[in-house]
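Presented below is the structure to which this report refers.
For clarity, every value in this text was computed on a predicted model and none was experimentally measured.
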Amino acid sequence: MDKFFAPHTPEAAAHSHLTENWFSWDADHPSIDETLLAGCASYRAFDRFLSGADLFLRPRSRSELESILKRYSYDAIHNAIARSRSTLHPGGYSRVCHLAENSIRDVLNTGDNVNTLLALHCPPTDIGPHDAEECPVWSIKTN
């Protein structure tokens with residue numbers, strides 16, 4: 001994770017703050033800290049993608065990768081808002097999403113991060129002919 005978010009980055013700091021103070025992170029303010037929420041959402045999006053736990057359709061391009069990461073960040077935003085006892089200011093949801101999207105884009109625009117992430121979950125390409133022969137072939141019967 002340090003390749004994408006070093007420990008001193010705002011996203012890593014936001015994630016640490018929310019993780020360490022999960023039960024009280026929102027109690028000190030009458031409204032949600034949008035920057036904190038967006039940074040944490042971006043961090044969690046990459047963390048979720050790196051784990052690959054619920055990645056069923058692997059991205060094949062930068063746009064597909066960015067779409068998955070945005071969706072993951074929206075999930076993290078929704079979870080934090082649902083858990084929060086504070087409210088967002090009017091227009092806050094759009095601002096949080098925009099900040100998280102910008103953070104994701106910044107990471108993808110850095111170095112070879114896109115290629116690294118795309119290669120992370122790609123299927124092995126060294127399947128030999130003997131592996132294919134061992135797979136059962138099922139016929140489909142239609143009427």
Side-chain angles (χ1 to χ4, degrees), residues 1-128 131-132 134-143:
M1 193 62 166
D2 287 351
K3 176 176 175 36
F4 308 107
F5 294 113
H8 66 277
T9 60
E11 293 85 356
H15 180 261
S16 292
H17 179 73
L18 262 67
T19 303
E20 292 170 6
N21 303 301
W22 183 244
F23 295 107
S24 63
W25 69 272
D26 59 338
D28 300 334
H29 305 286
S31 64
I32 296 175
D33 183 339
E34 296 171 5
T35 305
L36 185 72
L37 180 56
C40 184
S42 176
Y43 187 96
R44 287 188 177 169
F46 280 92
D47 190 43
R48 184 174 167 188
F49 181 81
L50 290 172
S51 76
D54 58 349
L55 186 64
F56 299 106
L57 297 175
R58 294 173 177 88
R60 296 167 295 175
S61 66
R62 179 197 166 103
S63 62
E64 289 179 1
L65 173 63
E66 190 171 342
S67 176
I68 289 170
L69 291 169
K70 284 180 185 179
R71 186 167 32 90
Y72 287 173
S73 72
Y74 301 153
D75 289 347
I77 291 166
H78 294 159
N79 291 340
I81 290 172
R83 177 90 173 91
S84 175
R85 293 168 287 212
S86 301
T87 60
L88 284 169
H89 288 294
Y93 178 76
S94 296
R95 286 189 298 273
V96 170
C97 290
H98 180 72
L99 290 169
E101 290 168 4
N102 285 343
S103 174
I104 289 168
R105 258 186 240 108
D106 288 346
V107 171
L108 295 180
N109 288 337
T110 303
D112 68 340
N113 287 346
V114 171
N115 291 332
T116 301
L117 290 166
L118 288 175
L120 185 64
H121 298 295
C122 65
T125 57
D126 59 346
I127 297 175
D131 293 334
E134 293 174 9
C135 295
V137 177
W138 304 97
S139 61
I140 298 174
K141 187 175 184 179
T142 59
N143 291 333

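- To the nearest 0.5 Å, atoms CG (Leu65) and CD1 (Ile104) are separated by 9.0 Å.
- In this structure, Tyr74 OH and Ile81 CD1 are separated by 12.5 Å, a value rounded to the nearest 0.5 Å.
- Using cut-offs of 30° and 60° for the angle between ring planes, the Phe46 and Phe4 rings count as parallel.
- No side-chain heavy atom of Ile68 sits under 4.5 Å from any side-chain heavy atom of Leu57.
- Atom NE2 of His98 has 12 or fewer heavy atoms from other residues, nucleotides or ligands within 6.0 Å.
- The heavy-atom pair separating Tyr93 from Leu88 by the smallest distance is N-CD1, 3.7 Å.
- With Ser67 contributing its side chain and Glu64 its backbone, the two residues share no donor-acceptor pair below 3.5 Å.
- For the residue pair Leu108 and Val114, the shortest heavy atom distance occurs at O-CG2, 3.2 Å.
- Atoms CZ and CG, on Arg48 and Asp75 in that order, are 4.5 Å from each other to the nearest 0.5 Å.
- Atom-to-atom distance recorded for Cys97:SG and Asn102:CG is 11.5 Å, nearest 0.5 angstrom.
- A donor-acceptor contact shorter than 3.5 Å is absent between the side chain of Asn115 and the backbone of Asp112.
- Under the rule for a salt bridge (charged side-chain N to carboxylate O under 4.0 Å, His left out), the partners of Arg95 that lie at least two apart in sequence or sit in another chain are Glu34.
- Side chain of Asn109 to backbone of Arg105: a donor-acceptor contact under 3.5 angstrom is found.
- Ser42 places no side-chain N or O within donor-acceptor distance of the main-chain N or O of Gly39, the cut-off being under 3.5 Å.
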Problem set entry | side chain to side chain contact (heavy atoms under 4.5 Å, CB included) between Asp54 and Tyr72, intermediate numbers included | CA-CA 10 Å; Asp54 58 349; Tyr72 287 173; 3.6 Å; yes
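- Atom CZ of residue Arg44 and atom OG of residue Ser51 lie 13.0 Å apart, to the nearest 0.5 angstrom.
- Closest approach of Ala6 and Ala12 over heavy atoms only: O-CB, 3.4 Å.
- Across Arg62 and Leu118, no two heavy atoms sit closer than the pair N-CD1, 4.3 Å.
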Problem set entry | Stepwise side-chain hydrogen bond (donor to acceptor under 3.5 Å, both in side chains) test for Ser103 and Glu11 | CA-CA 8 Å; Ser103 174; Glu11 293 85 356; 2.6 Å; yes
